[in-house]
Amino acid sequence: MAIDYSLLRQIPKVDELLGCQTLEPLREQVPHSLLKEQIQLVLDTIRQEVFAETRDSIPDAEELFSLISESIKRASQRNLRRVVNATGVVLHTNLGRAKLCRQAVQAVEEVAEGYSTLEYNLHTGSRGSRYDHVEQLLCRLTGAQSAMIVNNNAAAVLLILSAVAKGKEVVISRGELVEIGGSFRVPEIMEQSGGILREVGTTNKTHLSDYENAVDPECTGALLKVHTSNYKILGFTQSVPLPQLAELGKQYHLPIIYDIGSGAMLDFTPYHLQEEPTVAQSIREGADVVSFSGDKLLGGPPAGIIVGKKKYLDLMKRHPLTRAFRVDKMTLAALEATLMLYLDEEQAKREIPTLRMLLAPEEELEKKAHLLCEKIRQAVPGLNSCVQQEIGQVGGGSMPTQELPSYVVAIQPAGCSLERLEKALREDEIPLIGRIAHDRFLLDVRTMEPEEFDLAAQSLRRCLTK
Ligand SMILES: *Cc1c(COP(=O)(O)O)cnc(C)c1O
């Protein structure tokens, strides 16, 4: 088959379309420049399809109208948009990690919409500090003397090392030279901070004596421990527990810096989840400075939280990088509201979406899956769908080997490939993100709110009955 040049000649001119009767409603609603741009785009696509020989007729005026309307709709959508997470991955880094709790959203709305006490002390009527809002709360929850917040945990680690260990050696086990997604690598952060990396031990085994032999009263600035939050070394392994490392630190007057990454505020082991170092436990066991993310297991906004001894935190608060890593009022509002829930653990588990989803009982998930399946059957009669048990993950580089038994609705569409369905759902008005496994398209209910079930069912209807 050859390119059909007669088809090309039938493609209307932009100006013709701009003046045509059928497009009248669009001319009234859409700015001229946008309309012209989108007409051009639609015509270009048609031209390309003719050249690619995937098109054997030119759309009539009606069809052009709907193509152009859709194109305008797409162009007018925000790029950063809400999606329905049906992957079952609770802390999905690509989908924005932790969802905020209702209280945090409300707090953000309040300070974003109006003026606030961000740096204003209501008692004295004079300047206050933006860090005061959460410092006391963090100290109370973690048992630390002092606390501060920066943009994210990568910034926190860079700030800590810059303030405490610049020009000095920082001793770290070879088993803890972590890389987190998005190019956070401990050795590179170290270099940026001006600290000098002093690796000890091996990938699988590091002993207390390895640290001890590396400590030099002249050159050593700190001992660094990094929680291997996104991988596990199994088998013939050994690492030095925090209390022992803290003993060594005390002996040589060296600060113990502990990057725990995932920021667990409560002990997950009673809920049959992997043990994660909690912030309070890390402080109790002798870490002088602890840093973690706000939007991993804590379930709050993206932030880097630093807690620990006042003398080290004071160095950081005065450091010029602190201004560069300064958090905004919306983050602080969300963080304060989230942390307040932790004053009552039951409340935290009920209200913080990350905790609620991680701790959801299997019976509840099964019930949810049947509800979703029913909605889907109503919206798309005849669609082959059923409830199944599946294994999910925590995500966000947290609890890497933790299997989370969950329930999914498994869909086997007739007359549409799984890949095409997956793509159509992801490009829908409210994108629905699921996954393909065992020749089925899976919607995991762990990460879905019941309020989203209708949205999901409608998305499926749109994509399968087109
Ligand atoms: C996630 C993580 C980081 C990076 O935290 P961000 O808040 O994403 O910047 C650093 N260290 C560890 C151990 C982590 O798990």
Side-chain angles (χ1 to χ4, degrees), residues 131-150 152-161 163-165 170-173 176 178 208 211 221-229 239-270 274-300 303-317 322 335-336 338-345 348 352 355 398-399:
Y131 299 107
D132 285 350
H133 306 288
V134 289
E135 179 159 16
Q136 271 189 14
L137 196 51
L138 274 166
C139 291
R140 200 165 138 193
L141 290 168
T142 65
Q145 287 176 356
S146 184
M148 69 182 290
I149 317 296
V150 290
N152 50 54
N153 190 30
V157 177
L158 179 53
L159 173 64
I160 295 167
L161 293 172
V164 175
V170 178
V171 185
I172 179 172
S173 158
E176 296 174 5
V178 176
L208 187 63
Y211 288 95
L223 306 178
L224 174 63
K225 194 168 170 62
V226 180
H227 174 47
T228 58
S229 55
S239 62
V240 177
L242 180 59
Q244 278 183 38
L245 203 60
E247 251 338 285
L248 187 68
K250 255 202 212 108
Q251 202 180 324
Y252 291 92
H253 305 288
L254 290 170
I256 306 293
I257 301 166
Y258 191 11
D259 171 14
I260 63 169
S262 20
M265 295 291 286
L266 49 88
D267 180 7
F268 285 95
T269 49
Q274 260 167 31
E275 186 171 359
E276 278 283 319
T278 72
V279 186
Q281 179 198 3
S282 308
I283 292 290
R284 217 166 37 238
E285 291 185 351
D288 296 290
V289 180
V290 179
S291 82
F292 51 99
S293 296
D295 58 347
K296 289 185 181 170
L297 293 175
L298 189 151
I305 303 171
I306 309 173
V307 298
K309 297 250 164 74
K310 186 171 181 307
K311 72 169 177 182
Y312 299 116
L313 271 284
D314 284 348
L315 287 178
M316 293 169 214
K317 287 177 183 172
T322 296
L335 187 60
E336 185 181 24
T338 309
L339 288 172
M340 279 171 82
L341 294 173
Y342 276 101
L343 293 170
D344 172 356
E345 194 169 307
I352 297 174
L355 300 182
S398 299
M399 303 188 183

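Only a predicted model underlies this, so the values are computations on that prediction, with no experimental measurement involved.
- Closest approach of A222 and I257 over heavy atoms only: CB-CD1, 3.7 Å.
- Between the side chains of T228 and E176, no donor-acceptor pair of N or O atoms lies under 3.5 Å.
- Considering all non-hydrogen atoms of both residues, Y342 and I352 come closest at CE1-CD1, 3.4 Å.
- The distance from atom CG of L266 to atom CD of E345, rounded to the nearest 0.5 Å, is 4.5 Å.
- Atom-to-atom distance recorded for L339:CG and I305:CD1 is 6.0 Å, nearest 0.5 angstrom.
- Using modelled atom types and a 3.5 Å distance limit, the side chains of S291 and N153 yield a donor-acceptor pair.
- Closest non-hydrogen pair, P255 versus G221, comes out as CD-O, 3.3 Å.
- A 4.5 Å side-chain heavy-atom check between T278 and F292 finds every atom pair outside the cut-off.
- Between S262 and S229, the shortest heavy-atom contact is OG-CB, 4.0 Å.
- For CD of Q251, the number of neighbouring non-hydrogen atoms (other residues, nucleotides, ligands) closer than 6.0 Å is greater than 12.
- If you take CD on E275 and OG1 on T269, they are separated by 6.0 Å, rounding to the nearest 0.5 Å.
- Y312 places none of its side-chain heavy atoms less than 4.5 Å from the side chain of S146.
- To the nearest 0.5 angstrom, L138 atom CG is 6.0 Å from L335 atom CG.
- Y258 is listed as a side-chain neighbour of P277, based on a closest heavy-atom distance under 4.5 Å.
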CA sep, side-chain torsions, deciding dist, call: M265, T142, side chain to side chain contact (heavy atoms under 4.5 Å, CB included): CA-CA 8 Å; M265 295 291 286; T142 65; 4.2 Å; yes

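- Between K296 and E276 there is no salt bridge, since none of the side-chain N atoms of the basic residue sits less than 4.0 Å from a carboxylate O of the acidic one.
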Check against side chain to side chain contact (heavy atoms under 4.5 Å, CB included), L254 and V171: CA-CA 10 Å; L254 290 170; V171 185; over 6 Å; no

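- Nearest heavy-atom pair across V307 and I283 is CG2-CD1, 3.9 Å.
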From CA spacing to verdict: side chain to side chain contact (heavy atoms under 4.5 Å, CB included), Q281, D267: CA-CA 9 Å; Q281 179 198 3; D267 180 7; over 6 Å; no

Derivation and outcome, side chain to side chain contact (heavy atoms under 4.5 Å, CB included), residues L158 and V150: CA-CA 11 Å; L158 179 53; V150 290; over 6 Å; no

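- Two residues are said to be in side-chain contact when any heavy atoms from C-beta on lie closer than 4.5 Å; L242 and S282 meet this criterion.
- A heavy-atom distance below 4.5 Å is not found between the side chains of L248 and I256.
- Closest non-hydrogen pair, T338 versus G299, comes out as CG2-O, 3.8 Å.
- For the pair T322 (side chain) and M316 (backbone), a donor-acceptor distance under 3.5 Å is present.
- The line from NE2 of H227 to OG of S398 is 7.5 Å long, rounded to the nearest 0.5 Å.
- Proximity of E336 to L137: side-chain heavy atoms (C-beta onward) are separated by under 4.5 Å at one or more points.
- Among K317, R140, K310, the single residue meeting the salt bridge (Lys or Arg N to Asp or Glu O under 4.0 Å) criterion with E135 is K317.
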